Every structure is written in structure tokens, then in C-alpha cells.
There are 2 protein chains.
Amino acid sequence: MNIGEAARTSGVSAKMIRHYEAIGLLPPSSRSDSGYRIYSSNDLHTLRFIGTARSLGFTLDEIRQLVSLWQDRNRSSGDVKTLVVNHITQLEQKIAEMSAMRDTLRALAETCDGNARPDCPILHGISTHCAPASGSINSSRPGAKAVAT
Amino acid sequence: MNIGEAARTSGVSAKMIRHYEAIGLLPPSSRSDSGYRIYSSNDLHTLRFIGTARSLGFTLDEIRQLVSLWQDRNRSSGDVKTLVVNHITQLEQKIAEMSAMRDTLRALAETCDGNARPDCPILHGISTHCAPASGSINSSRPGAKAVAT
DNA sequence: CTTGACCTTACCACTGTGGGAAGGTTCAGA
DNA sequence: TCTGAACCTTCCCACAGTGGTAAGGTCAAG
């Protein structure tokens with residue numbers, strides 16, 4: 001099976017399959033005489049594993065660890081669980097940050113008429129409520145604690 | 001006030017202040033004879049506005065629009081509200097995605113003993129549940145619907 | 001006049017993904 | 001046998017947002 005079919009079957013784009021190989025997340029696949037990548041059903045299994053892990057929000061680095069645990073017959077399930085629990089914690093932190101943002105914005109939006117006049121409590125709120133930057137886990141939207149209303 | 005003090009006062013790092021200026025989010029500040037950036041209290045106000053907006057999860061592009069609305073005396077509050085409501089929707093989408101991930105992972109983690117033995121329902125779950133990629137709004141962790149358990 | 005704390009610009013890094021160019025391969029159909 | 005479409009290859013660039021760091025200029029206090 002070549003890369004296109006592997007991509008279609010696994011749900012991981014060909015672009016990303018090559019990328020994962022380049023960064024060592026996937027071992028180099030075998031090649032045809034002409035240099036085309038060839039994937040076995042075993043490779044596909046790994047690919048699907050990665051795709052699933054990605055869809056659960058794991059970073060590529062976490063997935064690297066997951067894959068290596070997955071392929072390690074002498075693993076401790078405790079190591080897997082620790083990794084997962086940490087990831088859950090991070091998810092919850094981000095959910096909390098974003099929920100706070102949403103709540104603040106919702107409160108502001110509720111008081112805004114949203115008409116053709118310029119008076120806008122939303123802009124007023126943003127321009128007067130100070131919001132010191134604060135630490136977050138990663139990039140994305142959550143970059144600071146949401147402003148309190 | 002020079003950039004360092006402006007950064008301390010506004011909570012936006014000097015690095016980012018320069019960046020925002022470079023991409024046109026902030027107008028070029030005035031300069032001292034020696035080329036140092038100088039910020040007025042007015043500039044600081046804008047800086048704080050941006051910082052607050054950032055902390056509410058707006059992208060720089062959304063903030064660009066917010067700032068221009070903020071400074072437009074002929075704005076319609078409806079335009080502001082639309083922008084904000086859209087942003088709230090996106091936040092909710094991401095919260096939902098991440099909550100789904102968390103739920104799936106929590107369910108998997110609950111069934112895992114987390115001991116020294118290799119048997120691990122988490123890894124089993126990831127390796128057998130297929131999760132087709134699906135659309136998300138932006139990058140970050142949320143990249144696909146969470147796998148159903 | 002030196003020293004340390006500041007400032008300047010200009011790069012490179014990260015994460016994860018996509019786009020595209022320039023070229024080679026494979027296969028079906030005329 | 002030739003041709004064209006649909007693949008494949010590698011390589012570079014882009015995105016968002018932030019940080020680091022290097023090489024240099026400036027300013028104020030001692």
C-alpha cells in the first residue's frame with residue numbers, strides 16, 4: 001500500500017505521515033524500487049494509533065511516548081496512566097481557562113444592545129478591566145486568565 | 001515611558017509590543033532622539049486593551065478589528081457584538097471538543113490499574129478505537145472529535 | 001570613564017498542518 | 001508506443017503567537 005492509500009485508510013494525511021517519519025515518530029517505511037513508500041497493515045495500525053491519539057489531543061511528543069510504551073512489552077501500565085492523567089489535567093486547565101473567557105464575554109455581550117449606535121459595554125469592559133497576563137500550558141487561545149467581570 | 005516600563009505597566013511583553021507594532025496592530029510609537037520607543041498614557045491604554053483582549057482569547061486578527069471598532073466613533077455596537085458572539089461560539093466549540101477528549105480519556109483511565117504490569121486498557125482503547133480526523137476551528141490541541149468510548 | 005541596565009534590529013526556535021514547485025513513476029487508453 | 005492523468009518524491013514557505021539570543025547603541029549612576 002502506498003502513502004495515498006495509507007492516508008485514506010488511516011485518516012492521517014500523506015503530508016503528515018511523511019512529517020511523522022521525518023521527526024522520528026514513525027520509523028522509516030520500506031520503499032519500492034522507485035522510492036515510493038510502502039505500508040504494511042502493521043504500519044497502518046501504528047498510523048491509526050497515532051491518529052487516534054492526536055484526536056484525543058495528545059501532542060506529538062506525548063504520542064511518541066505513548067507509541068513507545070505501546071510497543072514495549074515490559075511497560076508498566078502505571079506509566080501510561082500517569083501520562084494520560086497529566087494530559088487530562090492539562091485539558092481541564094484549558095477548559096477552565098476557556099470557560100472563564102466565555103463567561104466573561106457572555107456577561108459583556110448580554111449587556112450590549114448590538115444595534116447601530118456606538119455605545120458598547122463590551123468595548124468599555126475590555127478597555128477598563130485590566131487583565132494581567134498569566135501562565136498557560138501551551139499556545140492556542142488560552143493565554144491568560146480571563147478577565148473578571 | 002520606554003518600552004520596558006510600558007511592558008511592565010501593561011502586562012504585554014516588550015517583545016510582543018514590538019511584534020504588534022511590526023504587524024500593524026499597534027501604530028508605530030514615537031521615538032526618542034536615540035531611537036528608543038516612547039509610549040504615552042494613550043498608547044498604554046491601547047496596549048492594555050490589546051492585553052485584555054488577548055487574555056479573552058481573541059486572535060490578533062480579531063483584536064485588530066476590535067481596536068479599530070474601539071477607535072471608531074461611528075461604529076455600530078452590533079458589529080462589536082457580532083464579533084464577540086462569534087468568538088464565544090468558537091470558544092464553546094473548543095470547550096466541547098476538549099471536554100469530549102477529557103471524558104474519553106477519563107473513562108479509559110478509570111479502567112486502568114496503573115500498576116507495574118503491562119496490561120493497559122488505555123493503550124488498548126487507543127489502538128482499537130478508530131478516530132477519523134475531523135474539522136476544527138484552529139490549531140492547538142483540539143484537532144478532531146474525540147474518540148467515542 | 002566604566003559598568004550595568006536598558007534599548008535597537010535581525011535572526012532562529014517552537015507546534016502542527018497545509019500549500020506548492022520541480023521532478024520521477026505507473027498505468028490505462030488511444 | 002506514446003500520452004496524459006494520477007500518483008509519488010524531496011524541498012521550501014506559510015500560518016499564529018511567543019520566546020530566545022546575538023551584536024550593537026544609550027543612558028545614568030558611581
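Note: hydrogens, waters and symmetry copies are ignored here, and every other heavy atom, side chains too, is used. First the proteins, then the strands, lettered A, B, ... as listed; each starts at 1. Note that the structure is predicted; figures quoted are calculated from it, not measured.
- Mapping B:G35 and A:L60 onto DNA chain C by nearest heavy atom places B:G35 closer to the 5' end of the strand.
- Between the CE atom of A:M1 and the OG atom of A:S29 there is a distance of 12.5 Å, given to the nearest 0.5 Å.
- A parallel orientation is assigned to the rings of A:F49 and A:W70, their planes being inclined by less than 30° (bins at 30° and 60°).
- Residue-level contact check: A:R18 touches the bases, meaning some heavy atom is under 4.0 Å from a base atom.
- Closest to the side chain of B:Y36, from the set D:dG17, D:dG25, C:dG20, is D:dG25.
- Atom CG of A:N2 and atom C1' of C:dC27 are 13 Å apart (whole Å).
- Side-chain N/O atoms of B:K15 and base N/O atoms of D:dG17 include no donor-acceptor pair closer than 3.5 Å.
- The interatomic distance linking B:F58 (CZ) with D:dA16 (P) rounds to 17 Å, in whole Å.
- Remark: C1' of C:dA5 and CD1 of B:I3 are 15 Å apart, rounded to the nearest angstrom.
- Counting to the nearest Å, the P atom of C:dT9 and the CD1 atom of B:I17 are 13 Å from each other.
- For B:S13, a side-chain nitrogen or oxygen approaches OP1 or OP2 of D:dG19 to under 4.0 Å.
- Toward the 5′ end of DNA chain D lies the nearest nucleotide of B:M16, the other residue of the pair B:M16 and B:D33 mapping further downstream.
- At the heavy-atom level, A:S32 lies nowhere under 4.0 Å from the strands shown.
- Residue A:Y20 places at least one side-chain N or O closer than 4.0 Å to OP1 or OP2 of C:dT17.
- Here the P atom of nucleotide D:dG17 and the CD1 atom of B:I50 are 12 Å apart, to the nearest Å.
- Atom pair B:E21:CD and C:dC7:C1' shows a separation of 13 Å (rounding to whole Å applied).
- Residue B:L25 holds its CG atom at 4.0 Å from CD1 of B:I50, rounded to the nearest 0.5 Å.
- Comparing C:dT26, C:dT8, D:dC11 by their nearest atom to the side chain of A:S34 picks out C:dT26.
- Within the 4.0 Å cut-off from OP1 or OP2 of C:dC7, not a single side-chain nitrogen or oxygen of B:R37 is found.
- Atom pair A:R54:CZ and C:dT15:C1' shows a separation of 8 Å (rounding to whole Å applied).
- OP1 or OP2 of D:dT10 has at least one side-chain nitrogen or oxygen of A:R31 nearer than 4.0 Å.
- Taken to the nearest 0.5 Å, the CD1 atom of B:I17 stands 4.5 Å off from the OG atom of B:S10.
- Atom CD of B:E62 and atom P of D:dA16 are 12 Å apart (whole Å).
- In this structure, A:H45 NE2 and A:N42 CG are separated by 8.0 Å, a value rounded to the nearest 0.5 Å.
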